[in-house]
Amino acid sequence: MRQTIIDLQASRIRDVANAGLGRSDVLAFWFGESDEVSPEFVRQAAIDSLNAGETFYAHNLGLPSLREAIAAEMQSRHRADIGVERIAVTSGGVNALMLAMQALLNPADHAVVVTPVWPNLTAQPVILGAQLHTVCLQPQQGRWTLPMDALLAAITDRTRLLVINSPNNPTGWTLTREEQQTILAHCRLTGTWILADEVYENLFYLPSANLCAPSFLDIAAPEDRLVVAHSFSKSFLMTGWRLGWLVMPAAMTEHMGKLIEFNTSCASVFVQRAGEAAMRHAGEVVPRVVAQMRACRDRLVAELAPVSGLQLATPDGGMYAFFSISGHADDLLTAKRLVAEAGLGLAPGSAFAPQAQGWLRWCFASKDPDRLGEGACRLRQWLGKL
C-alpha cells in the first residue's frame with residue numbers, strides 16, 4: 001500500500017455519521033443530498049431501459065444523445081460555444097473531478113485549491129502525487145470572502161492547476177463575475193489550468209440573468225485552459241445514480257475518452273437514460289428544486305438567527321448553512337455530542353479545512369421544512385441545557 005494512501009485522513013463527516021447511522025431518533029443533515037427521492041420520470045426511464053435490455057457497454061464519452069442534450073443545456077445556460085465535441089459523460093461528479101485531475105496533473109506538479117471545500121478536492125491532487133497549496137476563504141460576520149491578493153500570489157507560472165468550487169460546499173460562497181474575470185486573466189498569464197467545480201450552479205439564490213450562478217463558461221474562450229465539472233446529483237435529485245459530465249476544450253475530449261476507458265469504461269446505459277429524462281424535464285424539475293431549496297434555506301436561517309453566540313450569514317448558493325457557535329471550538333466533538341445528546345446530525349467544519357475548525361455544516365436540502373425547524377429546536381434545547 002502506498003504511504004500516501006495510508007496517510008489520507010478518513011472522512012470526518014463519515015466519522016460523525018457512523019455514530020448515528022441506524023438510529024431512527026437522529027435527524028440527519030450531515031450528507032450533501034436531499035431527502036427527496038429522484039423524480040418519477042427519471043426512475044421510469046431507467047426501468048424502461050433495463051426492460052429494453054440495455055445492459056451492455058456504451059461509448060467511453062457517453063451516449064451521443066445524452067451528450068447532445070447536455071451540450072444544448074449548457075449552451076442554453078451560458079450562451080457559450082459548447083458543442084457535443086466538448087462534453088464527456090462521467091460516472092458521477094466525483095469521477096468527473098478525478099478524471100480531470102488525472103488528465104492534467106503530473107507527479108510533483110503544483111496545485112492550488114480554494115478552501116474550505118469538500119475534502120475530495122484536496123485529497124485528489126495528493127493521491128496523484130501533486131504538491132498541494134491551499135488558499136482559504138476568510139470569514140467576516142459569518143460570510144466567507146475570497147482573499148484575491150493571496151490567491152493571485154499563490155498562482156505562479158509553476159502552478160499547473162487551480163481548483164475552485166463555486167457555489168461552494170460548505171460555505172455557500174459564490175464567485176462574482178469580476179472575481180472570475182480576474183482569476184481567468186491571471187491564469188492565462190501563468191499558463192495555469194482551471195478546474196471549476198460548478199455542480200451547484202443551479203442552486204443560486206441571487207438575481208441572475210442566466211438563472212444560475214456565474215460560470216467560467218460565461219467568459220472563457222473554447223480553447224482556454226478550463227475544465228468544468230458537473231453532476232446530475234444536486235439540482236436533479238440524483239445523488240445515488242452516479243452520473244456527471246465534464247466540459248473541456250475540444251482538443252482534450254478524445255484523450256479524456258481514453259482515460260475514461262481505463263477508469264470505468266463508461267457510465268451505465270440505464271443511468272444515462274435516466275440522465276436524458278432529467279435533461280428533457282430540466283425546465284420543470286430544476287426551478288422546483290431551486291424554489292424548495294431557497295425556502296428551506298430561508299427557514300433554517302430564520303430558525304438559527306436568534307441563537308445566542310451563533311454566527312451565520314445567509315448563503316448565496318449551494319445547499320448548506322455554515323455556522324459557528326461561541327464556546328464550541330472543537331467542532332468534531334460538538335458534532336458527535338449533538339448526535340449522542342440531541343439526536344441531531346451535522347458535519348464538522350474541520351472536515352473541509354483546518355481553518356474551519358469550530359464551524360458546522362447543515363445540509364438544508366429537505367422536502368419538509370418543518371424537519372429543519374425540529375432540528376433547530378433540538379439545537380436550541382441542547383445549547384440551553386449547557
Side-chain angles (χ1 to χ4, degrees), residues 11-39 142 167 169-172 200 203 205 233-235 237-240 288-352 356 358-386:
S11 170
R12 291 192 170 195
I13 305 170
R14 287 283 182 182
D15 189 13
V16 174
N18 288 342
L21 288 176
R23 281 183 50 183
S24 59
D25 62 322
V26 174
L27 291 175
F29 303 101
W30 40 48
F31 294 142
E33 64 179 351
S34 174
D35 57 10
E36 183 177 350
V37 300
S38 303
N169 171 14
T171 67
Y200 295 97
L203 304 181
Y205 312 114
S233 291
K234 311 303 179 181
S235 54
L237 306 175
M238 293 176 64
T239 52
R288 180 184 69 79
V289 170
V290 173
Q292 177 71 7
M293 295 279 192
R294 181 186 287 108
C296 287
R297 178 202 65 164
D298 293 346
R299 171 69 181 274
L300 182 60
V301 169
E303 293 276 1
L304 295 180
V307 176
S308 177
L310 189 146
Q311 184 178 197
L312 166 68
T314 302
D316 295 335
M319 58 196 329
Y320 311 103
F322 202 54
F323 61 93
S324 64
I325 306 173
S326 178
H328 294 270
D330 189 335
D331 55 295
L332 184 58
L333 176 61
T334 299
K336 287 185 175 181
R337 288 190 63 187
L338 282 168
V339 172
E341 301 168 18
L344 178 63
L346 306 179
S350 56
F352 305 93
W359 292 70
L360 296 166
R361 188 194 75 173
W362 187 318
C363 179
F364 55 71
S366 180
K367 61 184 177 183
D368 181 11
D370 288 340
R371 188 166 173 268
L372 300 170
E374 171 61 23
C377 181
R378 293 187 184 189
L379 176 62
R380 290 193 297 266
Q381 289 176 346
W382 182 76
L383 290 171
K385 291 176 182 177
L386 299 180

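For the pair L346/F323, a side-chain contact is recorded, criterion being any heavy-atom separation below 4.5 Å from C-beta on. Under the 4.5 Å side-chain criterion, counting only non-hydrogen atoms from C-beta, L360 is not in contact with F29. Side-chain contact between L203 and V290: present, with at least one pair of heavy atoms (C-beta onward) separated by less than 4.5 Å. Counting heavy atoms from C-beta on, the side chains of P369 and Q292 come closer than 4.5 Å.
Residues G32 and T239 come closest through the heavy atom pair O-CG2, 4.2 Å. Heavy atoms only, all atoms of each residue included: G20 and V26 are closest at O-CG2, 4.3 Å. Summarising the geometry of L312 relative to L310, their closest heavy-atom pair is CB-CD2, 3.6 Å, with the distance given to 0.1 Å. The shortest non-hydrogen separation linking R297 to P315 is NH1-O, 2.9 Å.
In this structure, SG in C363 is found 7.0 Å from CE in M293, a value given to the nearest 0.5 Å. Distance CG/L344 to SG/C377: 10.5 Å, rounded to 0.5 Å. For the atom pair OG1 (T171) and CZ (R361), the distance works out to 11.0 Å, reported to the nearest 0.5 Å. One finds the OG1 atom of T334 at 10.0 Å from the CD atom of E341 (value rounded to the nearest 0.5 Å). In this structure, the separation between CH2 on W30 and CG on N18 is 8.5 Å, given to the nearest 0.5 Å. Distance OH/Y205 to OG1/T314: 11.5 Å, rounded to 0.5 Å.
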(Q) If you apply the rule side-chain contact (heavy atoms from CB on, under 4.5 Å), what do you find for L379 with L338, and how did you get there? (A) CA-CA 8 Å; L379 176 62; L338 282 168; 3.9 Å; yes

Inset, instruction - Mind running side-chain contact (heavy atoms from CB on, under 4.5 Å) on W362 and L304 for me, showing each step along the way? - result: CA-CA 11 Å; W362 187 318; L304 295 180; 4.2 Å; yes

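Under the side chain to side chain contact (heavy atoms under 4.5 Å, CB included) criterion, P39 pairs with F41, V42, L237, V285, sequence neighbours left out. Taking S350 as the reference, R12, D331, P348, Q357 meet the side chain to side chain contact (heavy atoms under 4.5 Å, CB included) condition, with sequence neighbours excluded.
Sorted by first and then second residue, the ring pair (Phe, Tyr, Trp, His ring centres under 6.0 Å) pairs involving residues 366-386 (not counting sequence neighbours) are H328-W382.
For R14, the CZ atom sits in a loose shell: 12 or fewer heavy atoms of surrounding residues, nucleotides or ligands are nearer than 6.0 Å.
Under the 6.0 Å cut-off for aromatic ring centres, F352 and Y320 do not qualify, their centroids lying 6.0 Å or more apart.
A donor-acceptor pair is defined here as one N or O able to donate and one able to accept, closer than 3.5 Å; no such pair exists between the side chain of R299 and the backbone of F364. D316 contributes no side-chain N or O that, together with a main-chain N or O of P167, makes up a donor-acceptor pair within less than 3.5 Å. Remark: side-chain polar atoms of Q311 are not paired, donor with acceptor, to backbone N or O of S324 under 3.5 angstrom. Checked by atom type and distance alone, the side chain of R23 never pairs as donor or acceptor with a backbone atom of G343 at under 3.5 Å. In this structure, the side chain of K234 does not engage the main chain of G318 through any donor-acceptor pair within 3.5 Å.
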